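Here the structure is laid out as structure tokens; the discussion comes afterwards.
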Amino acid sequence: MTAQGVQVRARRSGSMRRDPVVDVEFADWMAARQAALVRTAYLLTGSQHAAEDLVQVTLTKLYLAWDRIADRQHVDGYARRALVNEHRSTWRRSRRRPEVLTEALPEVGHRPAEYDGEREAVWRFVQALPPRQRAVIVLRYYEDLSEAETADLLGISTGTVKSQASRALASLRGRVRVREEDR
Amino acid sequence: MNASKSPEDLLRATLRAKAEDAHEALTFDDVRRDAVRRLHTGRRATILAAAAVVVAVAAPTALLLRPAGDSPAPSPSPSTSTTLPEPTPTESAPTTTEPPAPVGTGFEGITRGRDIAIPWLGSGAIHVRGGADVPAPAGSWEAFASYHGGWLLSGTGGLVQLDGTGRSTLVAPTASRIAISADGTQTAFLADGGVHVGITSGMGDGETVIPVQGPDEAGPVGFLSSGRVVYNGLKGEVLVLDDRPGSAPPLVGLARATSSTESGDLVAGTTVDDDGTAAVVSATTGRTLWTKAHWMLGSFSPNGRFLSAYRSATGGEFETVAILDASTGEVVATAATSGIRALPAVPPTAWEDDADLLIPYRSGSSWAVLRLTLAGHLTRASDVVESPAGSLPFVLSARP
């Protein structure tokens with residue numbers, strides 16, 4: 001049987017009896033891939049603490065499903081999808097108000113008295129984006145995923161990916177130009 | 001800004017530089033301990049309260065004889081919000097004389113009524129009134145229903161199909177909604193990249209699979225007339241599936257569906273993905289019957305006239321559960337009264353019959369299932385049980 005490209009073996013759910021070889025295999029994979037997952041999680045969440053929580057939940061779910069994943073070639077992609085899905089679920093759960101996709105992006109805050117660096121300004125801009133739009137930016141410009149791949153991961157249309165990315169870029173372009181003019 | 005840098009380049013450079021600030025901190029033992037904890041205690045309560053899986057229950061066969069249209073059958077005169085608890089004897093009034101809830105649990109003053117009449121899952125077993133308990137596999141289950149003489153269980157560990165002896169016959173890696181037709185004869189669930197539509201009591205016969213693509217949270221929501229299946233699709237669309245290849249027109253007006261009913265071919269959901277604005281749309285005409293801000297809709301009553309709903313003004317825990325008129329969105333009865341206002345409801349709820357809604361409630365580590373009637377009476381349908389943080393001691397069957 002297949003699901004999302006992952007081969008699945010039927011088994012009873014819930015057991016923690018593990019083949020030690022499987023644990024070693026998972027531990028090796030985790031050692032190799034955790035850093036990449038944490039980096040992506042950090043960009044998605046904006047904090048080390050939240051990134052650790054997100055990665056831990058993702059790795060735990062992956063570990064529980066590990067002996068059902070026969071096609072190891074797809075593990076990295078499966079993990080990334082799990083990470084993004086978990087993050088998406090987290091922001092949906094924690095959302096206090098509707099996420100409104102606007103043409104005018106939220107202000108990052110008062111402009112600092114002293115310009116503190118281009119990258120810090122861009123980073124603050126990214127952190128101020130609504131969660132889904134931030135996810136689009138991270139997946140497109142950090143993970144270098146295509147629009148279609150980004151849409152697939154986020155469960156949205158490619159049109160939404162395009163529009164959210166282009167709005168963010170337009171806003172960033174205008175905002176940085178203002179800063180340049182102030183210099 | 002460096003004039004030679006495009007915004008795209010600037011974003012790439014910034015993200016790559018900032019990503020280096022993150023550092024890995026987990027060990028394999030951390031993950032393994034977390035896995036053991038999850039298997040034993042389930043997901044955290046905050047996750048449970050988020051209604052990750054909403055079970056769809058639709059209307060009875062008799063109502064399928066009605067012509068499809070915008071509205072379900074006429075509703076009885078709805079009342080407005082009610083006050084509780086009401087010990088006045090009614091059809092759903094207490095039939096037992098068990099002691100009141102222990103002091104300090106938060107359930108004081110809610111009179112103990114009759115036991116839960118539909119199957120429910122908890123304490124490692126499936127409980128069927130008048131029948132023997134069936135052992136359930138360990139796991140954090142959030143939805144279940146009878147199927148093919150056995151059971152379907154769905155939760156954080158994925159979806160498992162059990163035969164009548166409790167032996168698993170299917171394991172899918174992702175949780176799925178479990179959708180059930182009005183008359184209880186058809187069930188749909190997502191597994192192996194397809195929507196399985198089967199005869200509920202078919203003992204393995206008559207199951208068809210409609211290939212679909214979907215993320216983890218996608219899946220079948222409910223049935224419409226003529227056996228069509230409402231399905232949350234990959235691209236934030238609500239689709240209507242039938243067994244013809246390629247025929248899956250999107251339903252305009254909803255970004256995500258939570259339930260449907262054959263009675264009037266109505267679909268309940270949200271107008272924008274999870275934004276807190278609920279809506280009911282006619283799948284026949286595409287017309288939005290009504291919208292309601294800050295509400296999340298649950299399942300239609302078996303006769304399709306009513307709809308369970310949860311309200312959260314803050315976006316956090318649900319401060320009340322209500323029964324709405326499915327055709328107008330008006331509140332028929334609500335549990336938001338002095339006795340229970342401070343307690344969070346934990347979906348999914350389940351219809352016991354056309355007039356009684358079962359609602360799991362949590363008060364700290366104490367849990368109980370309460371029964372809200374159309375008349376607004378609230379009684380306790382279970383004992384008050386203590387359950388560790390994160391576990392869900394009552395999972396109600398998807399079928400009345």
Side-chain angles (χ1 to χ4, degrees), chain A residues 1-4 6 8 10-16 23 26-27 30 34-35 38-43 48 51-52 55-56 59-61 63-65 68 81 85 89 92-99 118-119 122-123 126 137-138 141-142 151-152 155-157 160 169 172-173 176-177 179-180, chain B residues 1-2 7-8 10-26 28 30-32 34-36 38-39 46-47 49-50 52 137-139 153 156-158 160 168-174 191-193 215-218 234-237 272-277 314-316:
Chain A
M1 64 180 78
T2 62
Q4 295 176 345
V6 177
V8 178
R11 71 168 182 93
R12 282 187 76 90
S13 173
S15 170
M16 275 301 292
D23 275 6
F26 178 84
M30 178 178 156
Q34 184 189 170
V38 170
R39 285 194 290 268
T40 301
Y42 178 73
L43 297 177
Q48 173 70 27
E52 285 177 18
V55 170
Q56 177 154 1
L59 289 176
T60 299
K61 288 184 174 179
Y63 174 67
L64 288 169
R68 287 178 276 146
R81 179 180 291 275
N85 282 343
S89 299
R92 281 175 174 167
R93 285 194 295 269
S94 62
R95 186 180 300 166
R96 290 185 174 273
R97 295 186 185 284
E99 180 181 347
E118 190 175 64
R119 284 182 180 171
V122 174
W123 176 236
V126 170
I137 294 302
V138 170
Y141 299 111
Y142 176 71
D152 177 46
I156 58 180
S157 67
T160 302
L169 289 171
L172 177 63
R173 189 177 292 115
V176 174
R177 185 166 57 239
R179 289 185 179 282
E180 279 192 304
Chain B
M1 177 179 174
N2 184 336
E8 291 93 333
L10 187 55
L11 269 174
R12 287 193 176 94
T14 298
L15 294 174
R16 283 176 186 146
K18 289 305 295 183
E20 296 305 315
D21 291 349
H23 54 272
E24 54 190 298
L26 295 170
F28 171 68
D30 292 333
V31 173
R32 197 174 194 288
D34 195 25
V36 171
R38 279 171 179 271
L39 281 177
T46 51
I47 297 176
L153 286 72
T156 54
V160 174
S168 67
T169 57
L170 172 70
V171 175
T174 55
D192 307 337
D216 286 353
E217 296 176 17
L234 179 65
K235 302 183 185 304
E237 294 175 324
V272 178
D273 208 359
D274 282 349
D275 77 340
T277 298
T314 64

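Computed from a prediction, not measured in an experiment: that's the story for all the values here. Within every chain, numbering begins at 1; the chains are lettered A, B, ... in the order of the sequence lines, protein sequences first and strands thereafter.
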| remark: Under 4.5 Å to a heavy atom of chain B? For A/Ala51 that would be neither

| note | side-chain hydrogen bond (donor to acceptor under 3.5 Å, both in side chains) filter on B/Thr14, not counting sequence neighbours, yields none

| query | Looking only at heavy atoms, which two atoms of A/Leu172 and B/Pro7 are closest? And how far apart? | reply | CD2-O, 4.0 Å

| message | Rounded to the nearest 0.5 Å, what separates atom CG in B/Leu11 from atom CG in A/Leu169? | response | 6.0 Å

| query | Relative to chain B, which segment of A/Leu59 carries a heavy atom at a distance below 4.5 Å: side chain, backbone, both, or neither? | reply | both

| Can you check whether A/Tyr141's main-chain N or O pairs, donor with acceptor, with B/Glu8's side chain at less than 3.5 Å? | no

| Are the side chains of A/Met30 and B/Leu26 in touch, meaning some heavy atoms are under 4.5 Å apart? | yes

| A/Tyr63 vs B/Phe28 aromatic rings, parallel, tilted or perpendicular, using cut-offs 30° and 60°? | perpendicular

| Tell me, do B/Glu20 and A/Arg39 make a side-chain contact under 4.5 Å, heavy atoms counted? | yes

| field | A/Tyr42: partners by ring-ring contact (aromatic ring centres under 6.0 Å, His included), with sequence neighbours left out | value | A/Trp123

| Toward chain B, the part of A/Glu52 with a non-hydrogen atom under 4.5 Å | both

